[in-house]
Amino acid sequence: MEHLVEKIKKKPELRGLADSFVLAQLQKYIAKHNISFPLSKKSEKTCIKEVRAELRKYSSRFNSILSNSNPEELIQKHTSTRERLPYYSSLKLIIERLNPHSILDLGCGLNPIVIADKRVKYYAYDLREDEIDKINEFFKSHNVPGKAIAEDVRQVSNFPSVVLCLMLKLVDLLDSKGHKEAEKLIVRVPCHNFIISFSTKTL
């Protein structure tokens, strides 16, 4: 299925997504529609179109301009991080009061560039490989003891044990109905302190 993953990711807004996540969405679509191989040209075209539509739900929120090497300008251009800027000072104050020696940031976007501190071990997970690369560059240049990983958090079986877990505007993406996926994820995280935010008022 690698050739299909490659074709799906030809759209600029999807190029930064982790191959493993694209493959998982593709396999889910194939299983749901009971599709058999080899595909006809028409079936392949439909498959690519439908999987891209599903992937855009995850990609659009985190689409950003990553060529900029200046962290402050970078977060200003990042939609999800920029809209959170007025609240980062309050968030950082809460984190300081908890005084964690380790943080796990799920669906991190570019949060680590704002929040990470070289006194705190920082683990970051997100779907976008391009943003993960940028975060790892930031960790290295600012001596932050951390690691950013491009992976679908729903597929991770073993998270590092931490003092604080951040899930900012992530829960909305995990479930279209109910909160089963979110519950499964929270239970799997070896942590007792969570900061969770939501992007929709209906929740």
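Side-chain contact between L106 and L166 is absent, with no heavy-atom pair separated by less than 4.5 Å. Residues V189 and L104 have side chains in contact (heavy-atom distance under 4.5 Å, counting atoms from C-beta outward). A heavy-atom distance below 4.5 Å is found between the side chains of L168 and L91. Between I196 and L170, the closest side-chain pair of non-hydrogen atoms is not below 4.5 Å. Two residues are said to be in side-chain contact when any heavy atoms from C-beta on lie closer than 4.5 Å; I186 and F194 meet this criterion. Using a 4.5 Å heavy-atom threshold, the side chains of M1 and F37 count as touching. Residues V162 and I103 have side chains not in contact (no heavy-atom distance under 4.5 Å, counting atoms from C-beta outward). The shortest distance between side-chain heavy atoms of P112 and F138 does not fall below 4.5 Å.
Considering R154, R128, E151 as possible partners of F21, the one that fulfils the side-chain contact (heavy atoms from CB on, under 4.5 Å) test is R154.
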| request: Test side chain to side chain contact (heavy atoms under 4.5 Å, CB included) on E50 and K32 and set out the steps. | output: CA-CA 12 Å; E50 294 294 328; K32 181 180 178 180; over 6 Å; no
| query | Stepwise, does the side chain to side chain contact (heavy atoms under 4.5 Å, CB included) test hold for I48 with L4? | reply | CA-CA 7 Å; I48 291 171; L4 282 176; 4.2 Å; yes
| task | May I have the step-by-step check of ring-ring contact (aromatic ring centres under 6.0 Å, His included) for Y125 and F159, ending in yes or no? | result | CA-CA 10 Å; Y125 285 79; F159 289 108; 5.4 Å; yes
| task | Go through the steps for K7 and E44 under the test salt bridge (charged side-chain N to carboxylate O under 4.0 Å, His left out), then give the verdict. | result | CA-CA 10 Å; K7 288 182 178 180; E44 181 177 293; 2.6 Å; yes
| Going through the distances and angles, do E131 and L110 end up as a side chain to side chain contact (heavy atoms under 4.5 Å, CB included)? | CA-CA 7 Å; E131 294 189 357; L110 293 178; 4.2 Å; yes
| Between E181 and K184, does a salt bridge (charged side-chain N to carboxylate O under 4.0 Å, His left out) hold up when you go through it step by step? | CA-CA 5 Å; E181 287 297 328; K184 288 178 186 176; 3.8 Å; yes
| task | Take Y122 and D105 through the side chain to side chain contact (heavy atoms under 4.5 Å, CB included) test and state the conclusion after the steps. | result | CA-CA 8 Å; Y122 205 114; D105 193 342; 2.6 Å; yes
| request: Determine, step by step, whether S43 and T46 satisfy the side-chain hydrogen bond (donor to acceptor under 3.5 Å, both in side chains) criterion, reporting the C-alpha distance in whole Å, the side-chain angles of both residues, the deciding distance to 0.1 Å, and the verdict. | output: CA-CA 5 Å; S43 294; T46 301; over 6 Å; no
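Remark: E6 CD is loosely packed, at most 12 non-hydrogen atoms of other residues, nucleotides or ligands lying under 6.0 Å away. Applying the 6.0 Å contact sphere to NE2 of H192 captures no more than 12 heavy atoms from other residues, nucleotides or ligands. The number of heavy atoms from other shown groups lying within 6.0 Å of NZ (K147) does not exceed 12.
Under a 3.5 Å cut-off, the side chain of N111 and the backbone N or O of C108 do form a donor-acceptor pair.
A salt bridge is absent between R15 and E129; no separation between the charged side-chain nitrogens and carboxylate oxygens falls under 4.0 Å. Ion pair K92/D117 not flagged as a salt bridge, since none of the NZ, NE, NH1 or NH2 atoms sits closer than 4.0 Å to an Asp/Glu carboxylate oxygen.
Taken to the nearest 0.5 Å, the CG atom of L174 stands 14.5 Å off from the NZ atom of K180.
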